[in-house]
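Have a look at the structure below, then the notes.
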Amino acid sequence: MSTYDRIYEIVRQIPVGQVATYGQVAELAGLFGKPRLVGYALYRVTSDADVPWQRVVNAKGEVSHSPQRQGTDYLQRDLLEAEGIVFSAAGKIDLRQYRWQPPLELVLKAEG
DNA sequence: TCCGTGACGCAAA
DNA sequence: CTTTGCGCCACGG
């Protein structure tokens, strides 16, 4: 069970139509204060990995862009809109509405 | 073993 | 609103 495996484990539990932030996923994976690791992990996700990577956005409710992604950022937005998530004119998601509330059991597990 | 490489978050100015 | 600076580290070659 590698660090990245723990991250993927959390992401797999985000329900359709909801999103989590990188920081949130990091905490639930027992990596408080290390949100970058989540980004690094998602960067390595492959299409056959069964991980809904599109449901992870940054703390501002935006899809994070990077030259390295080569268009998958637009794919991410498309996938989310297909799940019913609405983007503002500024390209942002209302986290108050769509943020995933993880089950208490998961939170307690993260706190160890 | 060493090193380059990154989808972030937050506070301050 | 924007720009800095810093924390932080697994993974592949």
Side-chain angles (χ1 to χ4, degrees):
Chain A
M1 195 62 159
S2 71
T3 297
Y4 284 4
D5 287 330
R6 291 211 303 279
I7 291 172
Y8 299 144
E9 189 74 8
I10 297 299
V11 176
R12 266 192 283 265
Q13 298 181 63
I14 305 174
V16 173
Q18 294 183 43
V19 299
T21 66
Y22 291 90
Q24 186 178 8
V25 172
E27 287 186 32
L28 293 172
L31 300 167
F32 182 83
K34 306 177 185 62
R36 300 194 69 166
L37 293 186
V38 177
Y40 305 154
L42 295 185
Y43 176 75
R44 290 176 161 77
V45 170
T46 53
S47 55
D48 60 306
D50 180 35
V51 175
W53 53 269
Q54 73 273 20
R55 298 184 194 136
V56 183
V57 299
N58 68 30
K60 293 176 297 199
E62 301 169 320
V63 169
S64 290
H65 291 79
S66 166
Q68 313 306 323
R69 294 188 62 177
Q70 304 192 328
T72 64
D73 41 9
Y74 290 103
L75 172 61
Q76 178 169 7
R77 174 167 173 158
D78 286 343
L79 290 172
L80 292 177
E81 290 181 325
E83 295 184 2
I85 292 176
V86 178
F87 284 73
S88 72
K92 299 211 290 189
I93 291 173
D94 182 359
L95 290 179
R96 290 177 309 177
Q97 183 178 356
Y98 299 112
R99 190 199 294 270
W100 173 44
Q101 307 292 349
L104 179 60
E105 179 185 322
L106 206 54
V107 177
L108 295 177
K109 185 179 176 183
E111 294 174 348

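Computation of the quantities below employed the complete heavy-atom set of this structure, encompassing side-chain atoms and omitting hydrogens, waters and symmetry-equivalent molecules. Naming: A, B, ... by sequence-line order, numbering from 1 per chain.
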query: Taking the C1' atom of each, how far is C:dG12 from B:dT1, in whole Å?
result: 13 Å
query: Roughly how far apart, to the nearest Å, are C:dC8 and B:dT5 at atom P?
result: 22 Å
query: Does A:R36 make a side-chain donor-acceptor contact with the base of B:dG9, cut-off 3.5 Å?
result: no
Which whole-number value in Å describes the distance from [X] [atom1] to [N] [atom2]?
{"X": "A:Q76", "N": "B:dC8", "atom1": "CD", "atom2": "P", "value": "11 Å"}
{"X": "A:K60", "N": "B:dA11", "atom1": "NZ", "atom2": "C1'", "value": "13 Å"}
{"X": "A:R55", "N": "B:dC8", "atom1": "CZ", "atom2": "P", "value": "20 Å"}
{"X": "A:L37", "N": "B:dT5", "atom1": "CG", "atom2": "C1'", "value": "13 Å"}
{"X": "A:D5", "N": "C:dC11", "atom1": "CG", "atom2": "P", "value": "8 Å"}
{"X": "A:Y43", "N": "C:dG12", "atom1": "OH", "atom2": "C1'", "value": "11 Å"}
{"X": "A:R44", "N": "C:dC9", "atom1": "CZ", "atom2": "P", "value": "16 Å"}
{"X": "A:Y40", "N": "B:dG6", "atom1": "OH", "atom2": "P", "value": "10 Å"}

task: Show your reasoning for whether side chain to side chain contact (heavy atoms under 4.5 Å, CB included) applies to A:Y74 and A:V63.
output: CA-CA 9 Å; A:Y74 290 103; A:V63 169; over 6 Å; no
message: Under a plain distance cut-off of 3.5 Å, with no hydrogens placed, do A:Q54 and A:E83 share a side-chain donor-acceptor pair?
response: yes
message: We want to know whether A:Q76 and A:R69 form a side-chain donor-acceptor pair, criterion being a heavy-atom distance below 3.5 angstrom.
response: yes
- request: For A:Y40 and A:R36, run side-chain hydrogen bond (donor to acceptor under 3.5 Å, both in side chains): C-alpha distance rounded to whole Å, both residues' side-chain angles, the deciding distance at 0.1 Å, then the answer.
  value: CA-CA 6 Å; A:Y40 305 154; A:R36 300 194 69 166; 2.7 Å; yes
field: Sugar-phosphate only, base, or nothing, as touched by A:Q68 at under 4.0 Å among non-hydrogen atoms
entry: sugar-phosphate
- request: Would you indicate what A:S2 reaches in the nucleic acid, counting non-hydrogen atoms under 4.0 angstrom: base, sugar-phosphate, or nothing?
  value: sugar-phosphate
field: Residue whose closest nucleotide on DNA chain C lies nearer the 5' end, A:T3 versus A:P35
entry: A:P35
task: Please answer whether the main-chain N or O of A:N58 pairs with a side-chain N or O of A:E62 as donor and acceptor at a distance below 3.5 Å.
output: no
message: Let's see if you can work this out: which of B:dC8, B:dG9, C:dC8 has an atom nearest to the side-chain heavy atoms of A:T21?
response: B:dG9
